[in-house]
Amino acid sequence: EPEVTQTPSHQVTQMGQEVILRCVPISNHLYFYWYRQILGQKVEFLVSFYNNEISEKSEIFDDQFSVERPDGSNFTLKIRSTKLEDSAMYFCASSAADGYQETQYFGPGTRLLVL
Amino acid sequence: ELKVEQNPLFLSMQEGKNYTIYCNYSTTSDRLYWYRQDPGKSLESLFVLLSNGAVKQEGRLMASLDTKARLSTLHITAAVHDLSATYFCAVAETSGSRLTFGEGTQLTVNP
């Protein structure tokens, strides 16, 4: 069964450093998303991407964040200068969203720890 | 701003019992999602409900959607220990749009 994959599974970084989180969405999906979950809390939306551009973003997704689809398969989230409060589990998701297949499938996540 | 509220937030139940988790949301939407999350793991899709009156069942779990009441329920029948997890509902306003999640219901099924 196709699945969303993410790398790395864990990342430890120093405050102020840049990190890039990588995702490979399901191959025939057109909508891609990043969410995050601070430990013990609910899942929060960051950004969605469709047709090679951002379609929605939340107030969390400020100028420190960016997304890219550098080739036909990868989808990346970059945090330019990490803060302590960026420590969280980051999930990538993808969806066909064709009116029939509406499920958003989540990857295994990247646990980011900012020291 | 779309709000999604679940209750209860914590649920401890005995094996063999039935219970219902409720999910209320604040906007008109006919797209309601239920996910399961085990500790330290990702979100596993359980159900996607796409119309008023939709009902879906998988094993001991049944989900329904009442868009007029802006309410979805996740009913657990004859709970078993393996159902212990956190259950999230989430709402999307349109096809392809962001999911707004509830706080989650942490379910513990005791032998």
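What you see is a predicted model, and the numbers here were worked out from it, not measured in a lab.
- For A:Gln37, the part lying near chain B is the side chain, with the backbone staying farther off; criterion is any non-hydrogen pair under 4.5 Å.
- Hydrophobic clustering (side-chain heavy atoms under 4.5 Å, transitive across Ile, Leu, Val, Met, Phe, Trp, Tyr) groups B:Ile21 together with B:Val91.
- Proximity to chain B involves both the backbone and the side chain of A:Thr103, based on heavy atoms less than 4.5 angstrom apart.
- Applying the salt bridge (Lys or Arg N to Asp or Glu O under 4.0 Å) rule to pairs touching residues 16-32 of chain B yields A:Glu102-B:Arg31, sequence neighbours excluded.
- Contacts from residues 68-88 of chain B to chain A, taken as heavy-atom pairs separated by less than 4.5 Å, involve B:Phe88 in sequence order.
- Residues B:Tyr22 and B:Tyr19 fall into different hydrophobic clusters, defined by Ile, Leu, Val, Met, Phe, Trp and Tyr side chains chained together at heavy-atom separations under 4.5 Å.
- Around the CD atom of A:Glu85, the shell of radius 6.0 Å holds more than 12 heavy atoms that belong to other residues, nucleotides or ligands.
- For B:Ser95, the parts sitting under 4.5 Å from any heavy atom of chain A are the backbone and the side chain alike.
- Atom CZ of A:Phe65 is surrounded by more than 12 heavy atoms from other residues, nucleotides or ligands within 6.0 Å.
- A continuous path of hydrophobic side-chain contacts links B:Leu50 to A:Leu30 [ILVMFWY only; heavy atoms under 4.5 Å].
- In this structure, B:Leu65 is a member of the same hydrophobic cluster as B:Trp34, with clusters built from ILVMFWY side-chain heavy atoms closer than 4.5 Å.
- The contact between B:Gln37 and chain A is made entirely by side chain atoms (from C-beta outward), counting heavy-atom distances below 4.5 Å.
- No other option in B:Phe101, B:Tyr33, B:Phe47 has as many heavy-atom pairs under 4.5 Å with chain A as B:Phe101.
- Residue-level contacts of residues 51-64 of chain A with chain B, in order of numbering, are A:Glu56, A:Lys57, A:Ser58; threshold 4.5 Å between heavy atoms.
- Both the backbone and the side chain of B:Ser97 come within less than 4.5 Å of a heavy atom of chain A.
- Inter-residue side-chain proximity for B:Leu99 and A:Tyr33 is flagged as unmet; no heavy-atom pair is nearer than 4.5 Å.
- Surrounding CE of B:Met62 are at most 12 heavy atoms belonging to other residues, nucleotides or ligands under 6.0 Å away.
- Residues B:Leu43 and A:Val47 fall into different hydrophobic clusters, defined by Ile, Leu, Val, Met, Phe, Trp and Tyr side chains chained together at heavy-atom separations under 4.5 Å.
- Contacts of B:Tyr35 with chain A are made by side-chain atoms alone, with heavy-atom separations under 4.5 Å and no backbone atom involved.
- Contacts with chain B (heavy atom to heavy atom, under 4.5 Å) involve these residues of residues 104-115 of chain A, listed by number: A:Gln104, A:Phe106, A:Gly107, A:Pro108, A:Arg111.
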